[in-house]
Amino acid sequence: MIIEVKNAEFGYDGRGSVFEDVGFSVGEGEILSILGPNGCGKTTLLKCINALLKLRKGEVLIEGKRVNSLRKSDVGKKIGYVPQSHGSTFPYSVLEIVLMGRAPHLGLFSSPSAKDVEIAKEAIEMLGISHLMNRPYSQTSGGEAQLVLIARALAAEPIALLLDEPTSHLDLKNQMVILSFLEKLGENEGIAIIMTTHFPDHALSISHKALLLSNKGNGMVGNTGDVITEDNLRDIFGLDVRIISVKDGENSIKTVVPLRKGSFDRKQKLKGGIYNS
Amino acid sequence: MKRAVEKKGVNIALIVALVALPIIALFASLTLGRYEISLGSAFSILTSRILPIEPTWTEIEETVVFQIRLPRVLMAMLAGAGLSIAGASFQGLFQNPLVSPHILGVAAGAGFGAALGILIGGPAAIIQLFAFAFGITAIFGAYMISRTRMGSSLLMLVLAGMIIGAFFTALISLVKYVADPEEQLPTIVFWLMGSMAGASYKDLLWGAPPIFIGSSILLLLRWRINVLSLSEEEAQSLGINVQWLRWIVIIASTMITAAVVSLCGIVGWIGLVIPHVGRMLVGPNHKVLLPACVSIGASYLLLVDNVARAATAAEIPISILTALIGAPFFVYLLRRTGGKWA
C-alpha cells in the first residue's frame, strides 16, 4: 500500500473533531475520491495525509512509514499536492512555477540544475502545455492553471498525488481533460491518487474507491460503486438522488441526478424565500 | 527556436551590463569631487595597489582617492547592495511588493541605539555598536510578540514589527527631547537622516562583514525564496520547512539592515524601489533578481551619494535625496503597472 490512513481523527484546538475514525488505503495506480458536504473536512483530511496538519488520533502511513516521522522534504518527494487554487504576488512564468516542484529534491542552498529543468519540462510536456512554458502563470486560464499545478506536483516525481477539487472551477471539457489525465496517470505511472470532489459523477467515472464523509464526522469507504449509491448519497447530503446509466457506444456511464423536490428536510426548511435564512 | 536564441542574446547583454554598471560607477565616482582627478589616474591609483605601476600622479591625488573617496564609495555601494537585496528578499518573504527592509522595526531600533550612543557621548564605535545591537533587539522583540504555538504568521509578524517600530520611534523622540539642543540634537538629527560622510576603513572593517554574511546567505537561498513567496501551505507541500527558512531570511536581512543603519544612518526607499527596478529588468525569479539587485542597488546608492557630496558645497543628507528621487519613481511605477507590479 502506498498510503494508509488508520483511525484518523482531526479537530482544531479546543473544538470538537471534524472527522473521526476514518480509515482507508490506496495502492499503486489506485484512485480514491473523497466526497461529502461543504465543511465535512475533505480538504482537512487531504492536508493531514501530507502532514500539513496533524491528526489528533490515528496515523497516516506512507509506504508503511508514519508520515510524521518523515522529514518534510521526504514527504514532498513522495506526495505531490495540488491545491484548489494558487495565488502568487509575483508573476512567475509557468516553467518557474513547475520548477518549484523540484524543491524537495534540492538542498537548502542549491538552485535547480539543468536536469531539474529537464524534469520540469517533461512534466509540462506530459500535460500538453508546452506552449505555455514562458507565459506568466497569472495569465493562464482556469483550466490551464490547474494543469500547471498538476505539472508542478508531478515534477517532484511522487508516488502519490493529492488533489483538492481538481475539477471544481473548470468548464465541462476541461473537467474531462483532467479526469482522463488522472486516469491515465494511475494506469501508466502507477501513481496513487486521492482527490476530493463535489461531483459524484467524477468519482464514478475514474475512481476505484470512494470515501463519503458526513457532516457528523464519520466516513464510509469502499469500492466506488458500492459506496456511491442512492441511499448513501441521501444519507450524507440529505438529498434524494437517482443514479442512472447513459450509453456511450460500448461503455455505459453512470451519472447521479439530484432531485430538487424534497431538497430541504425539516430542519433545513427555510421560511419565506429560499435565500432568506 | 530563433526567438529563444534571440532572447538569450538579450539576457547575456543584460548580464554584462549589470556586471559592468557598478564597476564603471565606482571609477567614475572616484573622479568626482572638488579636487579634480582624471579617470585615468583614478584607475592607475587603484590598480597600483595590485600591479607594480610607476606613479604618474601626485601624493595628494593618491590620498584623496584612497583615504577620502574610496571608503565612502565602497560604503555607499555596500549599503545600496545590502538594502536592495534585503528588500527584495523581504518582498518575496512577505509576498508583498510594498515591503521594505525596515518593516520589522529594525531601522527604528537601530536609530534609537545610535541616538542613545550620541546622547551618552560615546565615540563612533559605541554609537555603531549600539545601533547594531538595538536593531537586532528590535527583531527579537518582533519575534517574541508574534510567536505562537503554531509558529509565527506573517500577519502577526508585520503587526509586531509596526508595534516595535512605533515604540522605538517614540524612544528616539524621547532621546531627542532630553538631548542637549546645541550639540547632541543636531548630531542625532543629521545622523538619522543618513550620511556617508566621514566613512573610513575602520567603519567598513566591522560594518562590512555582517552585510557580506547576510547577503551571501540570501544569495545562496535565492531560489528557495521563490518557493517561500508562495502561500505557506503550498511551500510546505513542496517539502520546505517554512518557519525555519523564513527566520533564516529574516535574520540575514536584519544583519544587513542593522549594519547599514549603524554605518550610515537610516537610508529609506532603496530597499523598496530597487527590487521593482530589478523585476522590470530581469523578471520576478529571485534566482536572477537578487544578484541584479546587488548590482543596481550598489550603483544607484553610489550615484545618489555622489549627488549628496558633490552637487552642492554643503553635504545633503542622503535620505532626503533617496526620498525625493524614490517617491516620484514609485508614482511612475504605480501608474505604469496599475498596482500589479508585473
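The sequence lines fix the lettering, A, B, ..., with proteins before strands; numbering per chain opens at 1. In this text the structure is predicted, and so the values were computed from the model without any measurement.
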Novice: Which residues, numbered in order, of residues 139-148 of chain A come under 4.5 angstrom of chain B by heavy-atom distance?
Specialist: none
Novice: When heavy-atom pairs shorter than 4.5 Å are enumerated against chain A, which of B:I240, B:N226, B:L221, B:V227 gives the highest number?
Specialist: B:N226
Novice: Within this structure, what is the CG-CD distance for the pair A:D164 and B:E233, rounded to the nearest 0.5 Å?
Specialist: 9.0 Å
Novice: Take atom CE in A:M133; do more than 12 heavy atoms of anything else shown fall under 6.0 Å from it?
Specialist: yes
Novice: Quick one: does A:Y92's side chain get under 4.5 Å of B:H286's, heavy atoms only?
Specialist: yes
Novice: Look at atom CZ of A:F199 and say whether more than 12 heavy atoms of other residues, nucleotides or ligands are closer to it than 6.0 Å.
Specialist: yes
Novice: Inspect the surroundings of CZ in B:F140 and state if more than 12 heavy atoms from other residues, nucleotides or ligands are less than 6.0 Å away.
Specialist: no
Novice: Run the side-chain donor-acceptor check on residues 67-85 of chain A: report pairs under 3.5 Å with partners two or more places apart or on a different chain.
Specialist:
{"from": "A:S69", "atom 1": "OG", "to": "A:R66", "atom 2": "O", "distance (Å)": "2.7"}
{"from": "A:K78", "atom 1": "NZ", "to": "A:E63", "atom 2": "OE1", "distance (Å)": "3.2"}

Novice: Compare all side-chain heavy atoms of B:S229 with those of A:T89 and state whether any distance is below 4.5 angstrom.
Specialist: no
Novice: Stepwise, does the side-chain contact (heavy atoms from CB on, under 4.5 Å) test hold for A:M100 with B:L238?
Specialist: CA-CA 8 Å; A:M100 291 187 207; B:L238 293 170; 4.2 Å; yes
Novice: Is any side-chain heavy atom of B:R224 less than 4.5 Å from a side-chain heavy atom of A:L106?
Specialist: yes
Novice: Working to the nearest 0.5 Å, report the span between CG of A:L108 and CD1 of B:I248.
Specialist: 5.5 Å
Novice: Give the interface residues of residues 121-128 of chain A toward chain B, defined by a heavy-atom separation under 4.5 Å.
Specialist: none
Novice: For residues A:F90 and B:Q95, report the shortest heavy-atom separation together with the two atoms involved.
Specialist: CE1-CA, 4.3 Å
Novice: Using a heavy-atom distance cut-off of less than 4.5 Å, which residues of residues 110-118 of chain A contact chain B?
Specialist: A:S110, A:S111, A:P112
Novice: Below 4.5 Å from any heavy atom of chain B, which atoms of A:A156 appear? Answer side chain, backbone, both or neither.
Specialist: neither
Novice: Shortest non-hydrogen contact from B:P284 to A:P91?
Specialist: CG-O, 3.4 Å
Novice: Select one option (side chain, backbone, both, neither) describing which atoms of B:L219 are under 4.5 Å from chain A's heavy atoms.
Specialist: neither
